[in-house]
Amino acid sequence: VSMKTLTVNLKDNSYNILIDSDILDEIVRYLNTNYNDRKIAIITDANVEALYAKDFKELIEKNGFEAKIIKIKPGEESKTLDTLQEVYKDLSEFRLTRKDLIVALGGGVVGDLAGFAASTYLRGVDYIQIPTSLLAQVDSSIGGKVAVDLPFGKNLVGNFYHPKAVFIDTNVLKTLDNRFLHDGLAEVIKYGFIKDKSIIHELMSCKNDDELLLNIEGIIFKCCSIKKSVVESDEKDFGERMLLNFGHTLGHAIEKYFDYKKYTHGEAVAIGMAEITKKSEKLSITQEGTYELLVEVLKKYSLPYKSPEMKRDEVLGAIVLDKKSSGKEISLIILDKMGDAVIRKVPVDEIENYI
Ligand SMILES: NC(=O)c1ccc[n+]([C@@H]2O[C@H](COP(=O)([O-])OP(=O)(O)OC[C@H]3O[C@@H](n4cnc5c(N)ncnc54)[C@H](O)[C@@H]3O)[C@@H](O)[C@H]2O)c1
Ligand SMILES: [Zn+2]
């Protein structure tokens, strides 16, 4: 087999990322070694419960662990303080202690919520990530950002709290809905354009989604390597980690403009990446032809690239209010060329030139 391992080096908070097409044995071995005799709370959502969590619970029970499934409703609507409160209640009924373990088994919603629960319950309990959506496998499970939403904004209550390990099983992507697969691919394309053009060459050489899934392990490894090194050099997101926001300034504004209903995160980011690159290429900041390459790969994976009709003032307002802006300047991520990006600090009143 071809198991791939990465280590996120963060002194006391270092952890391994394991990537393989069938990783259950490895997880059991890890649990036996590190959490022998401990209780395990598996936080998951209803979709992933039916597909994977029930079997996973049985497997670890066979190995002598006392386990409980804590299930939330699928989707972003569950990333709330109300759900969190229910999760705390279940953890406490299970009598989970600070020596026990929480497993986040699901997509980014489960990962963010379970991670935040782990960071706060009893002032902090160990947790591991077993991400099951492509987005969670290449992005949200790594880096320790955990959060829930508030009624007036996304991810407004959160923490930096790293998992003890991340186990990425690429097999589970076979059951992922097409729209969510492409949603995650937008972030994969982002990694390619900001740091590693070989990812884009690979995406372009796959004939279809099936062929993509056959090659996904190597692609995920490349994405995780980028996220790992960016997180290592800028854990708290004040510098280099901002490169990961390529396409996200306009993307967030689009998501918000349509009340998080019309576009998935990945679709909005796809438009954000294309629109800013179209503009920066016209301004001769970006190498000619880059926009065309970007559009080609976005189209290939059924992602949008054209901004919908929106009221200009409202969009600009949303951009300025985005939490990534600091005072009078906004950090925009702009491509040099495919595989290279820079952070450009732009005064708020010049932002119009880039959108
Ligand atoms: N912490 C971070 O650094 C970070 C980074 C990016 C995004 N996020 C967060 O991630 C969240 C989005 O994550 P997401 O796109 O994974 O959404 P999600 O968790 O809602 O998962 C998408 C859907 O796919 C289903 N699903 C997951 N795995 C499956 C599988 N293997 N088979 C079948 N169905 C499966 C889920 O039940 C859900 O319906 C957002 O809340 C976002 O804020 C966090
Ligand atoms: Zn994103």
Side-chain angles (χ1 to χ4, degrees), residues 8 43-53 55-56 71-80 83 104-116 119 129-150 153-163 166 168-191 194 213 216 223-224 227-228 230-231 235-237 241-252 254-256 260 263-273 322-324 333:
V8 184
I43 303 182
T44 190
D45 73 18
N47 295 333
V48 179
E49 185 203 30
L51 287 164
Y52 305 108
D55 292 347
F56 180 66
K71 176 177 67 172
I72 65 171
K73 268 197 348 219
E76 187 73 26
E77 311 86 76
S78 286
K79 237 177 86 174
T80 61
T83 314
L105 177 61
V109 167
V110 163
D112 280 15
L113 179 96
F116 187 66
S119 82
Q129 291 270 15
I130 310 179
T132 60
S133 69
L134 181 59
L135 181 127
Q137 295 194 342
V138 298
D139 192 354
S140 61
S141 65
I142 306 162
K145 277 193 189 175
V146 295
V148 296
D149 304 331
L150 292 179
K154 282 187 67 171
N155 298 323
L156 287 182
V157 180
N159 218 336
F160 285 95
Y161 191 70
H162 295 281
V166 180
I168 298 175
D169 190 331
T170 53
N171 263 341
V172 302
L173 296 176
K174 288 178 194 150
T175 55
L176 193 65
D177 212 74
N178 217 274
R179 191 169 187 203
F180 288 118
L181 181 70
H182 293 156
D183 186 51
L185 275 177
E187 302 284 0
V188 172
I189 292 167
K190 176 192 79 180
Y191 284 117
I194 61 169
L213 284 179
I216 201 76
C223 296
C224 290
K227 178 111 192 207
K228 158 202 143 70
V230 169
V231 167
E235 196 185 336
K236 295 278 158 74
D237 201 2
R241 191 165 176 174
M242 284 195 285
L243 286 179
L244 302 176
N245 290 332
F246 176 49
H248 280 59
T249 303
L250 181 58
H252 283 151
I254 292 174
E255 277 183 281
K256 194 167 176 190
Y260 300 95
Y263 295 97
T264 66
H265 176 70
E267 288 162 356
V269 167
I271 297 171
M273 294 190 291
D322 198 49
K323 65 179 184 306
K324 256 109 200 173
I333 312 309

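As a basis for the values below, the full set of heavy atoms in this structure was taken, side chains included, without hydrogen atoms, waters or symmetry mates. Keep in mind the model is a prediction, meaning the values are calculated, not measured. Both ligands and their constituent atoms are indexed starting at 1 by order of listing.
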For this session: State, with a plain yes or no, whether a side-chain heavy atom of V188 is found less than 4.5 Å away from one of L134.
Result: yes
Exercise. If you measure from atom 11 (C) of ligand 1 to every heavy atom of A136, S140, G108, S133, which option wins on shortest distance?
Worked result: G108
Seminar exercise, completed: Looking at E187, the N/O/S atom that lies nearest to the Zn ion (ligand 2) is called OE2
Exercise. Within the structure, does V172 bring an N/O atom to less than 3.5 angstrom of an N/O atom in ligand 1?
Worked result: yes
Seminar exercise, completed: In this structure, atom 37 (O) of ligand 1 is nearest to the protein heavy atom D45 OD2, 2.6 Å
Problem set entry | Closest protein heavy atom (residue, atom, distance) for atom 30 (C) of ligand 1 | T175 OG1, 3.6 Å
Problem set entry | Element-labelled atoms of ligand 1 that are located less than 4.0 Å from some non-hydrogen atom of Y52 | 31 (N)
Exercise. Is the backbone N or O of G266 less than 3.5 Å from a side-chain atom of D183, with the two atoms forming a donor-acceptor pair by type?
Worked result: yes
Exercise. With side chains defined as the heavy atoms from C-beta onward, is the minimum distance between V148 and T80 less than 4.5 Å?
Worked result: no
Problem set entry | Heavy-atom donor-acceptor pair, D177 side chain to F180 backbone, under 3.5 Å | no
Exercise. For ligand 1, which atoms have a heavy atom of N155 less than 4.0 angstrom away?
Worked result: 43 (O)
For this session: Starting from atom 9 (C) of ligand 1, locate the nearest protein heavy atom and write down its residue, its atom name and how far away it is, to 0.1 Å.
Result: D112 OD2, 3.4 Å
Exercise. What residue and heavy atom of the protein are closest to atom 27 (C) of ligand 1, and at what distance?
Worked result: T132 OG1, 3.4 Å
Exercise. Using heavy atoms and a threshold below 4.0 Å, how should the contact between V48 and ligand 1 be classified: side chain, backbone, both, or neither?
Worked result: side chain
Problem set entry | For atom 1 (N) of ligand 1, closest protein heavy-atom neighbour | K145 O, 2.8 Å
Seminar exercise, completed: To atom 6 (C) of ligand 1, the nearest of D139, V110, L176, D237 on a heavy-atom basis is D139
Exercise. Any idea which protein heavy atom is nearest atom 18 (P) of ligand 1, and the distance to it?
Worked result: V109 CG2, 3.9 Å
Problem set entry | Short side-chain to backbone donor-acceptor contact, Y52 and T132, under 3.5 Å | no
Exercise. Under the 3.5 angstrom rule, does the side chain of Q137 hit a backbone N or O of P131 as a donor-acceptor pair?
Worked result: yes
For this session: Would you mind running through ligand 1 and noting each atom that sits below 4.0 Å from a heavy atom of N47?
Result: 36 (C), 37 (O), 39 (O)
Problem set entry | Option passing salt bridge (charged side-chain N to carboxylate O under 4.0 Å, His left out) with D139 (candidates R241, K227, K228) | K227
Exercise. Taking only heavy atoms of K227, which atoms of ligand 1 are found under 4.0 Å from at least one of them?
Worked result: 3 (O)
Exercise. Do you see an N/O/S atom of D139, backbone or side chain, under 2.8 Å from the Zn ion (ligand 2)?
Worked result: no
For this session: Decide yes or no for K154 and H252: does some side-chain heavy atom of the first lie under 4.5 Å from some side-chain heavy atom of the second?
Result: no
For this session: Compare all side-chain heavy atoms of L244 with those of Y191 and state whether any distance is below 4.5 angstrom.
Result: yes
Problem set entry | Beyond-backbone contact of V110 with V48, side-chain heavy atoms, under 4.5 angstrom | no
Problem set entry | atom 7 (C) of ligand 1: nearest protein contact (heavy atom, Å) | L135 CD2, 3.6 Å
Exercise. If only atom types and distance count, is the side chain of K79 paired as donor or acceptor with the main-chain N or O of D149 below 3.5 Å?
Worked result: no
Exercise. Quick one: angle H248 NE2 - the Zn ion (ligand 2) - H265 NE2, to the nearest 10°?
Worked result: 100°
Exercise. Should the proximity of E76 to ligand 1, defined as any heavy atom under 4.0 Å, be assigned to the side chain, the backbone, both, or neither?
Worked result: side chain
Exercise. Atom 43 (O) of ligand 1: which protein heavy atom is closest, and how many Å away?
Worked result: K79 NZ, 3.1 Å
Exercise. Hey, is L51 touching ligand 1 through its side chain, its backbone, both or neither, going by heavy atoms under 4.0 Å?
Worked result: side chain
Exercise. E76 and H265: side-chain donor and acceptor closer than 3.5 Å?
Worked result: no
For this session: Look only at the side chain of T44 and the backbone of G106, and say whether a donor-acceptor pair between them is shorter than 3.5 Å.
Result: no
